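Throughout, a chain's letter reflects where its sequence line sits, starting with A, and its residues are numbered from 1. Computed from a prediction, not measured in an experiment: that's the story for all the values here.
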There are 2 protein chains.
Amino acid sequence: MFSFSGTYHVFIDTKGRINLPSKFIEVLNNRYNNTLVLFKIDDCIVIYPEKEWEVYEEKVLRLSSMKKNVRDYRRIFYSRVQKDCILKHGKILIPQSLREYANLNREVVLLGASTIIEIWSKEIWDEFIANNDDKFEELAEEMANLG
Amino acid sequence: MFSFSGTYHVFIDTKGRINLPSKFIEVLNNRYNNTLVLFKIDDCIVIYPEKEWEVYEEKVLRLSSMKKNVRDYRRIFYSRVQKDCILKHGKILIPQSLREYANLNREVVLLGASTIIEIWSKEIWDEFIANNDDKFEELAEEMANLG
DNA sequence: TTTTAAAGTGTCACAAAGTGTCGAAAAGTG
DNA sequence: CACTTTTCGACACTTTGTGACACTTTAAAA
């Protein structure tokens, strides 16, 4: 009801749109709105509701642009962002460059993860799970050490 | 809606004009106006909406001109500026000297980065990404320490 | 000054990208 | 099994991006 969860197997249409599952729509209606931000990372696309995105971006905005390092970081950061993707009729358009990045053609996996949703190409997702699923316990320990 | 983001792949016409993507135009209409400032830096051209330019220039103006270093910096700074580039019919003309500086011929990448837009030649951008994209996480940590 | 070339501008038409809507199929529910 | 909800593709429509081309302005040369 108030946070994203579960994996869904959906199809992307010929114009590059994805129908979000009704469970996700419900969360957006309850807690957020129709304005979403897309972010490319780890070979998938992360969907942030606008409100969640702002928390993330805030930190980057504060850095001084007089430094080359900062400018370069900002370039990479913003090159991965697509703001103002509006959810219309339950569908969201994934711009072409993002589709290419995440290798989205027809079959897509959506992963709800609390405050965000991730979009994976089915092939890459299956591969990821095949390679990493059994690392779960191992990673869990590492996480415990971090904090 | 209110800030620039994302990368766009566009073409420069034979007269040296670029069609800004409608998402960028929308931001200009909402928050700014048609008067832009172009600035040469890091092998690309940065487009500042007039209002944002003033913020940047303000910082430079505040530096004490008693120091030779500052005076030199200011000289170079101003030599890189092209003011009063007007957006007309959604197009912006990039003067020849700037096109040469940034090596813009046909294929161009536009990068929206919050308050500014950067114009890159496709070749130079691709090279930049090839060299820096995988440093993203690394840079992210560095930035986290800064702020 | 007049002529000529170069730089810059306005407009249009076609192609490509994005949007709205609907009905059929599939999935979920009591 | 009926009924509701959700998902999905189809298709028409709108908006946006691009190249072409004629026109205007500016600058330089005769």
Partner residues of Asp72(B) under the salt bridge (Lys or Arg N to Asp or Glu O under 4.0 Å) criterion, sequence neighbours left out: Lys68(B), Arg75(B)
I need a per-nucleotide contact map over nucleotides 24-30 of chain C, read 5' to 3'. Cutoff is protein heavy atoms under 4.0 Å; write B for the base, S for backbone only, - otherwise. -------
Under 4.0 Å from OP1 or OP2 of dT9(C): is there any side-chain N or O of His89(B) that close? no
Rounded off to whole Å, could you give me the CG-to-P distance for the Asp13(B) and dT11(C) pair? 16 Å
Over how many whole Å does the gap from Ile86(A) atom CD1 to dG20(C) atom P extend? 11 Å
Starting from P on dG18(C), measure out to CG on Leu38(A) and report it in whole angstrom. 12 Å
Mapping Arg17(B) and Lys15(A) onto DNA chain C by nearest heavy atom, which one lands closer to the 5' end? Arg17(B)
Sorted by first residue and then second, give each salt bridge (Lys or Arg N to Asp or Glu O under 4.0 Å) pair with at least one member in residues 83-92 of chain B; sequence neighbours left out. Glu57(B)-Lys83(B)
Could you check how far CD1 of Ile12(B) sits from C1' of dG8(C), rounded to whole Å? 13 Å
Using whole Å, report how far CG of Asn34(B) lies from P of dG10(C). 12 Å
Which of residues 90-104 of chain A have a heavy atom under 4.0 Å from DNA chain C? Lys91(A), Leu93(A), Gln96(A), Arg99(A)
Where chain A begins and ends its contact with DNA chain D, read 5' to 3' at 4.0 Å from heavy atoms: dT6(D) to dA12(D)
Determine the contact category for Leu20(A): base if any of its heavy atoms lies under 4.0 Å from a base atom, sugar-phosphate if only primed atoms, P, OP1 or OP2 are that close, otherwise nothing. sugar-phosphate
So which pairs with a foot in residues 128-147 of chain A pass side chain to side chain donor-acceptor pair (under 3.5 Å), sequence neighbours left out? Asn132(A)-Lys135(A)
Name all pairs fulfilling the ring pair (Phe, Tyr, Trp, His ring centres under 6.0 Å) condition that reach into residues 104-127 of chain B, sequence neighbours left out, sorted by first residue then second. Trp120(B)-Trp125(B), Trp120(B)-Phe128(B), Trp125(B)-Phe128(B)
Can you tell me which residue pairs pass the side chain to side chain donor-acceptor pair (under 3.5 Å) test with a partner in residues 4-18 of chain B, sequence neighbours excluded? Gln82(A)-Tyr8(B), His9(B)-Glu107(B), Asp13(B)-Arg17(B)
Please name all residues satisfying side-chain contact (heavy atoms from CB on, under 4.5 Å) with Leu146(A), sequence neighbours left out, ordered by chain then number. Met143(A)
Rounded to whole angstrom units, what separation is found between the CG atom of Asn19(B) and the C1' atom of dC12(C)? 13 Å
Got a second to check how far Arg71(B)'s CZ is from Ser65(B)'s OG, nearest 0.5 Å? 7.0 Å
Would you kindly compare Pro21(B) and Thr14(B) by the position of their nearest DNA chain D nucleotide and give the one closer to the 5′ end? Pro21(B)
The reported gap from CD1 in Ile18(A) to CD1 in Ile119(A) (rounded to nearest 0.5 angstrom) is 4.0 Å
Under a side-chain separation threshold of 4.5 Å, the hydrophobic residues clustered together with Ile41(B) are Met66(A), Val37(B), Phe39(B), Val46(B), Tyr48(B), Trp53(B), Tyr56(B), Val60(B), Leu61(B), Leu63(B), Val70(B), Tyr73(B), Phe77(B), Tyr78(B), Val81(B), Ile116(B)
So, using salt bridge (Lys or Arg N to Asp or Glu O under 4.0 Å) as the criterion, who are the partners of Asp126(A) when residues are at least two apart? Lys122(A)
Pairs satisfying side chain to side chain donor-acceptor pair (under 3.5 Å), at least one member in residues 19-33 of chain B, at least two apart: Tyr32(B)-Glu52(B)
